[in-house]
Amino acid sequence: MKKVNNSRRNFLKSSSLGFAGASMATATTGGITGLLSVTANAAETNSKTVVTAAHWGPLGVVVENGKVVKSGPAIAAPIENELQSVVADQLYSEARVKYPMVRKGYLDGNQDRSLRGHDTWVRVSWEQAFDLVAKEMKRVRETYGASGIFAGSYGWYSSGALHAARTLLHRYMNITGGFVGTKGDYSTGAAQVIMPHVLGTIEVYEQQTSWEVILESSDTIVLWGANPLATMRIAWTSTDQKGLEYFKKFKETGKRIICIDPVRSESCEYLGAEWIPINTGTDVPLMLGIAHTLVNENKHDKEFLKNYTTGYDKFEEYLLGKIDNQPKTAEWAEKICGVPAQTIKQLAADFSAKRTMLMGGWGMQRQRHGEQSHWMMVTLASMLGQIGLPGGGFGLSYHYSNGGVPTARGGILGSITANPSTQAGAKTWLDDVSKFSFPLARISDALLNPGKTIQYNGTEVTYPDIKLIYWAGGNPFVHHQDTNTMVKAWQKPETIIVNEVNWTPTARMADIVLPATTSYERNDLTMSGDYSMMNIFPMKQVVEPQFEAKSDYDIFAELAKRAGVEEQFTEGKTEMQWLKGFYETAFNAARANRVLMPKFDDFWNENKPITFNPTDSAKKWVRYAEFREDPLLNPLGTPSGKIEIYSNTIAKMNYDDCKGYPSWMEPEEFAGNVTAEEPLALVTPHPYYRLHSQLAHTSLREKYAVKDREPVLIHKDDAAARGIANGDIVRVFNKRGQVLTGAVVTDGVIKGTVAIHEGAWYDPLDLGQTERPLCKNGCANVLTRDEGTSKLAQGNSPNTCIVQVEKYTGEVPEVTVFKQPKTA
């Protein structure tokens with residue numbers, strides 16, 4: 001492929017060009033909000049306010065007599081973010097892992113791995129725990145090599161430049177001989193593979209056209225399967241919520257906002273947007289219906305298609321029905337997606353007449369054939385011809401990590417890496433990781449079928465034979481699809497080790513559990529705005545580690561010591577020495593950008609964030625503007641250098657589930673092919689009061705739980721047909737599993753679809769005694785399909801699912817997953 005010219009990295013570089021001769025600017029330090037900066041009778045209560053940060057933003061944490069009593073925003077938020085209020089809940093939760101624990105059967109030498117998840121636990125000393133882990137790591141590595149050890153942890157556990165659990169785990173694994181890793185992620189498993197073929201870049205994790213431009217130039221924004229009010233309360237680093245501030249500003253302009261979604265989301269409600277309800281998993285037919293209307297009414301931009309795309313003619317043959325004898329008319333689309341044909345035709349007219357930004361979410365690609373949704377969105381935007389124009393085109397990250405907030409000019413923190421420079425022979429283990437890696441969403445399949453070969457993005461991947469899993473910083477037993485299949489898969493490895501703060505479902509399914517600290521029990525640094533790089537936040541230790549918890553860094557440093565590679569892991573540095581080094585990386589970069597930052601010691605003692613300002617060029621930045629201005633001088637990273645509406649590369653793969661152009665391929669389960677046994681479609685959107693499964697155990701649960709269960713949104717007509725009233729306990733079930741939920745009867749979900757937010761902790765009744773144990777707490781993935789999106793990406797497809805719902809009449813079992821497990 002050609003070199004990508006408009007990647008996020010290049011944008012970050014170019015945004016600070018042209019300032020070499022400018023006078024030095026000064027980064028500002030902001031005070032914490034008044035609510036937390038003053039505490040009554042501080043001297044009497046030995047009170048202090050500590051500034052730290054988490055995925056949900058910068059925090060002011062009030063500590064009295066060594067205990068957290070209150071927390072809130074350290075920078076004023078445009079919309080209340082309740083996630084910032086539960087620091088105390090996280091520290092003192094009943095669900096905390098307090099001591100090193102070993103499953104009794106494992107400790108006794110019992111080989112029955114089906115006991116995982118319902119065995120009793122034995123407390124051991126840290127010395128015993130380290131000995132067990134070090135001995136088992138040595139045995140497995142010497143017997144099976146790197147291919148026998150899986151350490152593909154998912155990384156949402158904590159922000160921070162140093163205490164990033166997944167990075168630290170991989171660092172330890174790398175210096176001790178390698179491991180099996182993964183390709184891709186759950187968030188954008190399909191889109192991140194298809195987009196490089198279409199646009200020459202991953203697209204889903206890249207900066208968007210500046211919000212300043214959107215406010216000035218966009219007439220309409222379309223939230224297509226996106227709910228920024230929920231997903232922008234957090235960020236991969238730490239949110240500053242500037243993206244929400246811009247959404248609020250756009251609302252205040254009175255301009256048009258459209259939400260296309262099966263659920264009338266919090267964003268739709270707050271923004272006063274027009275809601276167009278759509279059947280789950282049918283975004284592609286809706287886009288095709290709009291596209292057909294554009295062609296039928298001669299409103300598509302032929303010049304843009306000619307100059308900036310390739311392969312449109314082949315796609316148009318499909319669109320007009322010349323390939324399959326089915327024109328993709330608005331009337332055809334209506335029958336599939338549930339949106340009236342007249343509405344579809346009006347959208348085509350409005351999108352083509354007004355400057356329109358299509359803000360695509362990621363949920364619509366988490367389904368079978370999920371590659372097609374984002375490919376089709378880019379195709380539709382190409383037909384409208386507004387890509388590269390101010391305020392027009394498409395964007396795939398406006399709902400995530402404050403995408404579109406102008407990138408600031410300052411310094412970017414350094415961070416610890418998984419690949420220590422001191423490791424000799426590094427290429428060997430890096431090759432191993434690459435050779436043994438498989439798509440993340442196929443983990444159950446890999447565990448159950450070692451040696452199996454699957455297709456992936458034009459290549460073949462053969463699953464390794466995994467004997468040991470070490471997981472840190474994730475909760476796959478909630479995040480992965482088809483939980484009951486995963487239970488069987490999880491019984492295959494000989495040993496499972498988990499570092500955890502809480503007794504999550506994943507920890508309960510392990511053999512050895514090591515208690516890890518929260519981010520509030522150690523020191524760190526982070527930035528805000530994954531794209532804006534606007535702030536540096538201190539992540540100060542708020543309280544001492546609770547019980548016997550240790551940081552992941554200290555855990556892996558000790559294991560590295562026992563493997564004889566401590567120096568390679570720590571590089572001889574203390575926690576504060578690491579942080580000072582990361583800060584100095586930013587300090588030096590800021591100086592090069594002619595921005596002044598305080599020295600590290602001054603910054604740390606100030607107890608305040610540092611804020612950088614965006615440049616004028618960043619405020620005016622338009623994604624793909626350079627490409628539009630001159631596609632020959634600024635080609636995309638595709639083989640043609642243009643937007644590939646038809647991809648020869650994909651066509652030559654000859655996949656039956658991903659053709660050479662975007663198309664509608666009916667999934668096995670969706671609203672259009674429900675059965676009498678399973679007559680309702682299921683959608684699993686992101687929750688509002690937690691980050692995936694994080695914070696599920698806090699008092700925020702009281703804001704959404706229905707009779708101590710995860711809620712299920714059900715249309716009032718579907719509820720009436722089943723004799724279900726608001727607040728009833730209901731059983732949602734299909735051939736894969738069954739869950740108990742609390743009914744929320746509403747007209748805010750499209751008829752024929754029910755919604756259960758992802759992230760509820762798996763809490764099985766009678767695990768090990770039945771094939772489909774009842775999840776007492778409503779974990780949506782008990783119901784979803786564990787099937788790749790297609791042979792191209794092998795992403796996850798939870799939104800391809802049908803279910804039945806009935807009122808539960810039996811004795812309602814207690815939810816116990818938030819309590820301590822049984823101990824011997």
Side-chain angles (χ1 to χ4, degrees), residues 52-55 90-91 95-101 126-127 129-130 132-134 136-137 149-176 179 181 236-238 415-420 468-476 496-504 506-507 510-526 539-563 565-566 568-571 573-579 582 691 693-694:
T52 186
H55 290 302
Q90 295 168 262
L91 285 165
R96 281 210 71 164
V97 180
K98 300 177 180 180
Y99 316 105
M101 304 291 280
W126 269 109
E127 190 71 15
F130 281 134
L132 273 174
V133 174
E136 185 63 0
M137 285 292 301
I149 300 173
F150 179 74
S153 289
Y154 212 47
W156 265 114
Y157 160 57
S158 173
S159 49
L162 176 61
H163 294 288
R166 178 176 62 173
T167 303
L168 294 168
L169 169 63
H170 290 178
R171 184 180 180 91
Y172 161 67
M173 289 293 176
N174 282 335
I175 62 175
T176 54
F179 66 98
W236 181 256
T237 52
S238 184
S415 63
I416 199 162
T417 68
N419 308 321
L468 181 148
I469 293 176
Y470 200 140
W471 207 282
N475 191 8
I496 298 176
I497 307 164
V498 171
N499 293 5
E500 246 303 344
V501 175
N502 299 300
W503 281 108
T504 64
T506 302
D511 300 313
I512 303 171
V513 178
L514 306 180
T517 53
T518 66
S519 61
Y520 314 119
E521 299 161 89
R522 59 198 188 220
N523 292 303
D524 213 329
L525 296 167
T526 193
M539 294 179 65
K540 289 197 168 185
Q541 182 176 341
V542 177
V543 294
E544 291 298 312
Q546 301 296 293
F547 307 102
E548 292 187 6
K550 294 181 181 290
S551 71
D552 292 286
Y553 181 88
D554 288 342
I555 291 171
F556 289 122
E558 177 60 28
L559 290 173
K561 178 180 179 181
R562 288 169 185 250
V565 289
E566 180 185 17
Q568 288 155 284
F569 184 87
T570 67
E571 298 182 21
K573 298 176 185 176
T574 65
E575 178 183 70
M576 294 307 295
Q577 286 172 333
W578 278 111
L579 299 185
F582 300 151
L691 195 178
S693 64
Q694 287 193 67

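Interatomic distance, CG of L514 versus CG of N499, reported as 5.0 Å (0.5 Å rounding). T517 OG1 to Q541 CD: the interatomic distance, rounded to the nearest 0.5 Å, is 8.5 Å. W578 CH2 to H163 NE2: the interatomic distance, rounded to the nearest 0.5 Å, is 11.0 Å. With rounding to the nearest 0.5 Å, the separation of CG in D554 from CG in L559 is 11.0 Å. For the atom pair CG (L169) and CG (D552), the distance works out to 8.5 Å, reported to the nearest 0.5 Å. Atoms OH and CG, on Y553 and L168 in that order, are 8.0 Å from each other to the nearest 0.5 Å.
Scanning for side chain to side chain donor-acceptor pair (under 3.5 Å) contacts around T518 gives E521, with sequence neighbours left out. Every residue meeting the ring pair (Phe, Tyr, Trp, His ring centres under 6.0 Å) condition with F150, not counting sequence neighbours, appears here in chain and number order: F438, W471. For T504, the side chain to side chain contact (heavy atoms under 4.5 Å, CB included) test picks out N475, E500, N502, T506, A507, W761, with sequence neighbours left out. With sequence neighbours left out, the side chain to side chain donor-acceptor pair (under 3.5 Å) criterion links S519 to no other residue. In terms of the salt bridge (charged side-chain N to carboxylate O under 4.0 Å, His left out) criterion, residue partners of E127 (sequence neighbours excluded) are, by chain and number, R562. By the side chain to side chain contact (heavy atoms under 4.5 Å, CB included) test, A563 pairs with T176, V565, sequence neighbours left out. Qualifying side chain to side chain contact (heavy atoms under 4.5 Å, CB included) partners for L132, counting only residues two or more places apart in sequence or in other chains: V102, L107, I512. Every residue two or more places apart in sequence or in another chain was checked for a salt bridge (charged side-chain N to carboxylate O under 4.0 Å, His left out) with D524, and none qualifies. In this structure E575 satisfies the salt bridge (charged side-chain N to carboxylate O under 4.0 Å, His left out) test with no other residue, sequence neighbours excluded. The salt bridge (charged side-chain N to carboxylate O under 4.0 Å, His left out) search around K561 returns none, not counting sequence neighbours. Looking at residues two or more places apart in sequence or on another chain, you find a ring pair (Phe, Tyr, Trp, His ring centres under 6.0 Å) between F130 and W126. Shown here are the ring pair (Phe, Tyr, Trp, His ring centres under 6.0 Å) partners of Y520, two or more places apart in sequence or in another chain: there are none.
In the model, R522 has no side-chain atom that pairs as donor or acceptor with a side-chain atom of S551 under 3.5 Å.
For the residue pair I175 and A560, the shortest heavy atom distance occurs at CD1-CB, 4.2 Å. Scanning all heavy atoms of the two residues, the minimum distance from S238 to A54 falls at OG-O, 2.6 Å. Here the closest non-hydrogen pair linking A165 and F556 is O-CE1, 4.3 Å.
A cation-pi arrangement is found for R171 relative to F569, the charged atom lying closer than 6.0 Å to the ring centre and inside a 45° cone about the ring normal.
By the 4.5 Å heavy-atom criterion applied to side chains, L579 and M539 are not counted as neighbours. The side-chain heavy atoms of P515 and R96, taken from C-beta on, include no pair separated by under 4.5 Å. The closest side-chain heavy-atom distance from V543 to L91 is below 4.5 Å. Looking at heavy atoms from C-beta onward, E558 lies out of side-chain contact with E566 at the 4.5 angstrom threshold.
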### Task
Determine, step by step, whether F582 and I416 satisfy the side chain to side chain contact (heavy atoms under 4.5 Å, CB included) criterion, reporting the C-alpha distance in whole Å, the side-chain angles of both residues, the deciding distance to 0.1 Å, and the verdict.
CA-CA 8 Å; F582 300 151; I416 199 162; 4.0 Å; yes
#### Entry: Working for side chain to side chain contact (heavy atoms under 4.5 Å, CB included), residues W503 and V513
CA-CA 9 Å; W503 281 108; V513 178; 3.9 Å; yes
### Message
Please determine whether side chain to side chain contact (heavy atoms under 4.5 Å, CB included) holds for the pair M576 and N523, giving the CA-CA distance in whole Å, both sets of side-chain angles, and the decisive distance to 0.1 Å.
### Response
CA-CA 8 Å; M576 294 307 295; N523 292 303; 4.1 Å; yes
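The closest donor-acceptor contact from the side chain of N174 to the backbone of A418 lies under 3.5 Å. One N or O on the side chain of S159 and one on the backbone of T237 form a donor-acceptor pair closer than 3.5 Å.
Ring planes of Y172 and Y470: perpendicular class, angle over 60° (limits at 30 and 60°). Classification of the H55-W236 ring pair by plane angle, with boundaries at 30° and 60°, yields tilted.
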